[in-house]
Every structure is written in structure tokens, then in C-alpha cells.
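What follows is a set of notes on a single structure, which appears directly below.
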Amino acid sequence: MSAGARPALARFARSAPRVAVVAVAALALAACGGGSEKSESPATTTPTASADGGGKPAAFPVTVEHKYGSTTIDKEPKTVVTLGLSDQDAVLALGVKPAGAVDWFKEKPYGKWPWAKDKWGSTQPQIVGERDEYNIEKIAALKPDLVIAQYSGMKKEQYDTLSKFTKVVAQPKDHPDYGAPWQLMTQQIGKALGKDAEAGKLITDIDARFKAVRDKHPEFATKTLAVADSFEAGKYSAFTKTDPKSIFFAGLGFKLKPEIDTLAKPGWNVAELSAEKLNVLDVDRLVWVTSSTEANDRIKGEPLYKKLKVHQEKRDLFVPYQDPDIGAAFSFNTVLSIPYAIDEIEPLLAAIK
């Protein structure tokens, strides 16, 4: 994250409503893969994570390759900590409750999101960091057998420090931080947990959900779509093809606009746009992921935005991050959140003519 981005985010967090903090946190991570200053979280007592026990014992050891080399896991991990922003979803889906997790959306990563609430049950994981700022002492105190950091911007120094006392599976290699496909991250998590087959089944089921939408709406394949956001007047953001939000809509069959990728800074998942650049958003379907009615009204009131055909022809869609949690669901874009996101967004997209 740039030197100026953290203070700006901190100022916003102090003065903005909770839902707006959620949105700005998501944008900050999409933009630069950086963290923010760690805030104290209440300590919680977390039971050891365990597998569901319903299947055949996994064959260990397993070796997982990642950005910083490879990690061999000798036996089934019993205590797992997730440091990727959405990694807990795939871990939960595979029958393991993380003993520790990081905070991303200024929300506890348990008991909140409707797609994961039942999986957590009464378990409350220890909060061991905020986005990419990890509390090493809290992690070490949990005595994890395995640390997973797939959807993360983990640095080499952090990896080396953690590797001194536990097994660490860092983000996938050959992809930018926060840019690996959800399928690959699920595979990596499944392999690390000794649950390859179960992970493959999850991926197959989600792929089938996407295919069902594409089959039901073949017209989506003929439409170009962009996902955008705005947090202050005159400043707009469009998400690139490597951002989970864009990946989600590509899975529904929509075509993405390559020009957005060319406008993004190297290593960023978002292109920053001035009002004069809003013409890049004149697509067949435009999805705004916004934090408030005020933001929606401000965007709609922008004189240059009013000139876009996508707005004039009412082909733009304003979706909240929270309440309902539609934007959060496709920002996570995990095996747990995708079905929820599809159920919520499909009818809204289908209603646009």
C-alpha cells in the first residue's frame, strides 16, 4: 500500500459509518495488496480446529508449492491458522475450524457472513492480525500445526519468521498477490489439509453452479461487464480481471473489458479513474459495489457519468457490500460465498434489459 494510502484509510475508518469502512477496506486491499496498522482485537479462547472425521484418513506427508518455495506437511494438522483474508471459508468448507484468523472487513471473520455462520457455529477464532499485519506472538501462542496464507500479501520476512515454529503454505506462485483463481487457492488448501478429493468436489460443485447460470442466461456471454466503486467525489475505481469481483462475473459468463487492466498500476487489482476517464465504464453491464445511498447518489449526480449510455439506458446496477451482504460475497469469491452471491445477484442482472 502506498505511503499515503494508510493514513487516508485510517482517517476514513475513524469518521465513516461501519458499512463504509467495510467498503474502503476492500478497495484498499484490491488496490495494492497492503495491510494497515494493526488494531487490538478482543482475545478469544478457541478450541483446536479439527477435521470432520467422516472420511478416510488422508495420506501424509504432502508437499505444497507456493510463492516462497514448498512446504511438506508430515501429518494431518490439528490446529490451523488462516492468514489469507478469505482462506477461512475454504478451510471451513473442508470441515476444519481455524483456531486463528485475520480481520479484513473490520468485522469478526465468524458469525457475521451468512454463508459461513453455520460453519463456525459457536466457535470464535483468535484474531491474529488485521489484513496483512500479523501478530506473530498471538499466532505462536496458538501452537498451530499449519498456517495457511492463500489470499494474502504475505511478505518473505513474515514467511521466514512463521516458518521457524510452524508449517506455512504461502500464496500461490506464478500469480500476483490476491490474484490467484479461487479454484487454485481451494486446491492448495485442500492439499495442505490432506483433503484433495473433498476440495475437488467443492470446486466441481461451484463450477456447476456457474455453468447453470451461463446455460440459463446465454445472453450474458454477449455482454461486456465492469465492476466499479467510488469513495469520494471525482475519484472512481474499476477492478481488473485478477480481482475476485471481476473473476466472479467472468464465471457467470460476462466478458471483461481489457482496457481496465491497462489503466491499472503494475501489481494492482484496480484502476484509478478520474471523472474524465469514466467513459471506460460505458459497458453493457456496470456493477457498482458501494457503501451507502449517499455514494450512489453522488455517482449518479456526476455530470460526466450522466452522459454514459450504460447509465442513460439503466444498465447500471448499484450493489451494497453489506445489508444484504451481496458485495461482500463476491468480494470473498470463495466456495462458501459464491452460491450466496449467485443467488443474490442473478435475478438483479437478469432484470436488466
Side-chain angles (χ1 to χ4, degrees), residues 33 49-52 54-77 80-98 101-102 109 115-116 119 144-154 159 162-163 166-211 241-248 250-252 269 329-342:
S50 61
D52 56 15
K56 191 167 56 172
F60 286 90
V62 296
T63 299
V64 185
E65 296 185 354
H66 51 75
K67 182 176 181 177
Y68 301 122
S70 63
T71 297
T72 298
I73 302 156
D74 300 312
K75 59 183 180 180
E76 182 180 1
V80 177
V81 169
T82 58
L83 299 182
L85 304 182
S86 57
D87 292 357
Q88 65 269 16
D89 279 12
V91 174
L92 287 167
L94 290 168
V96 176
K97 295 181 181 181
V102 294
W115 57 86
K119 296 290 185 180
D145 304 303
L146 176 65
V147 166
I148 295 172
Q150 291 298 287
Y151 188 59
S152 83
M154 177 182 279
Y159 172 80
L162 291 165
S163 294
T166 189
K167 303 289 187 178
V168 184
V169 177
Q171 59 266 44
K173 63 179 184 178
D174 301 327
H175 291 277
D177 291 353
Y178 307 101
W182 65 267
Q183 295 96 327
L184 175 58
M185 292 188 287
T186 303
Q187 287 172 344
Q188 295 280 85
I189 291 169
K191 187 171 185 180
L193 295 175
K195 293 175 174 284
D196 270 321
E198 294 95 323
K201 178 66 163 55
L202 290 172
I203 293 167
T204 299
D205 290 347
I206 296 299
D207 283 339
R209 287 295 304 270
F210 276 122
K211 184 178 184 301
K241 66 181 180 182
T242 59
D243 185 86
K245 291 174 280 297
S246 297
I247 292 171
F248 171 81
L252 296 178
N269 289 355
F330 59 70
S331 294
F332 266 64
N333 201 39
T334 66
V335 291
L336 285 186
S337 73
I338 287 171
Y340 177 89
I342 289 176

So which atom in Tyr151 and which in Ser86 form the shortest heavy-atom distance, rounded to 0.1 Å? CD2-OG, 3.6 Å
Point-to-point distance, once rounded to the nearest 0.5 Å, from CD of Gln88 to OG1 of Thr82: 5.0 Å
Please name the pair of heavy atoms, one in Ile206 and one in Val335, separated by the smallest distance, quoted to 0.1 Å. CD1-O, 3.5 Å
Mind checking side chain to side chain donor-acceptor pair (under 3.5 Å) for Lys241 and listing every partner two or more places apart, or none if nothing turns up? none
Can you list the residues that meet the side chain to side chain donor-acceptor pair (under 3.5 Å) rule with Lys67, with sequence neighbours excluded? Asp177
Run the side chain to side chain contact (heavy atoms under 4.5 Å, CB included) test on Glu198 and Leu193 for me, step by step, so that the C-alpha distance in whole Å, both residues' side-chain angles and the decisive distance to 0.1 Å come before the verdict. CA-CA 10 Å; Glu198 294 95 323; Leu193 295 175; over 6 Å; no
Who passes side chain to side chain donor-acceptor pair (under 3.5 Å) against Thr242, sequence neighbours left out? Thr240, Asn269
Side chain proximity check, Leu252 to Ile342, heavy atoms < 4.5 angstrom: yes
Closest non-hydrogen atoms of Ile73 and Ala192, given as atom of the first, atom of the second and distance, are CD1-O, 3.5 Å
Those residues that, when tested against Lys75, pass side chain to side chain contact (heavy atoms under 4.5 Å, CB included) (two or more places apart): none
Is there any side chain to side chain donor-acceptor pair (under 3.5 Å) pair reaching into residues 200-209, and which pairs are they, with sequence neighbours excluded? Lys201-Asp205, Arg209-Asp343
Distance check, rounded to the nearest 0.5 Å: Leu94 atom CG versus Lys119 atom NZ? 9.0 Å
Between CG of Asn333 and CG of Asp243, what distance do you get to the nearest 0.5 Å? 9.0 Å
Please name the pair of heavy atoms, one in Ser152 and one in Leu83, separated by the smallest distance, quoted to 0.1 Å. CB-O, 4.2 Å
Extract all donor-acceptor atom pairs below 3.5 Å that involve side chains of residues 180-188 and protein atoms in other chains or at least two apart in sequence.
| residue | atom | partner | partner atom | Å |
| --- | --- | --- | --- | --- |
| Thr186 | OG1 | Trp182 | O | 2.8 |
| Gln188 | NE2 | Glu65 | O | 2.7 |

When you measure from the side chain of Thr71 to the backbone of Val168, do you find a donor-acceptor pair of N or O atoms at a distance under 3.5 Å? yes
So, for Phe60 and Pro77, which heavy atoms are closest and what is the spacing to 0.1 Å? CZ-CD, 3.9 Å
Sorted by chain and residue number, the side chain to side chain donor-acceptor pair (under 3.5 Å) partners of Ser337 (sequence neighbours excluded) come out as Thr334
Could you pull out all residues at least two apart from Lys191 that satisfy salt bridge (Lys or Arg N to Asp or Glu O under 4.0 Å)? none
Qualifying residues under ring-ring contact (aromatic ring centres under 6.0 Å, His included), relative to Tyr159, sequence neighbours excluded: His66, Tyr68
Please identify each residue that fulfils side chain to side chain contact (heavy atoms under 4.5 Å, CB included) with Ala341, with sequence neighbours left out. Phe248, Ala329, Phe330
Which residues share a salt bridge (Lys or Arg N to Asp or Glu O under 4.0 Å) with Lys167, sequence neighbours left out: Asp74
What are the two closest non-hydrogen atoms of Tyr178 and Leu85, and how far apart are they? CE2-CD1, 3.8 Å
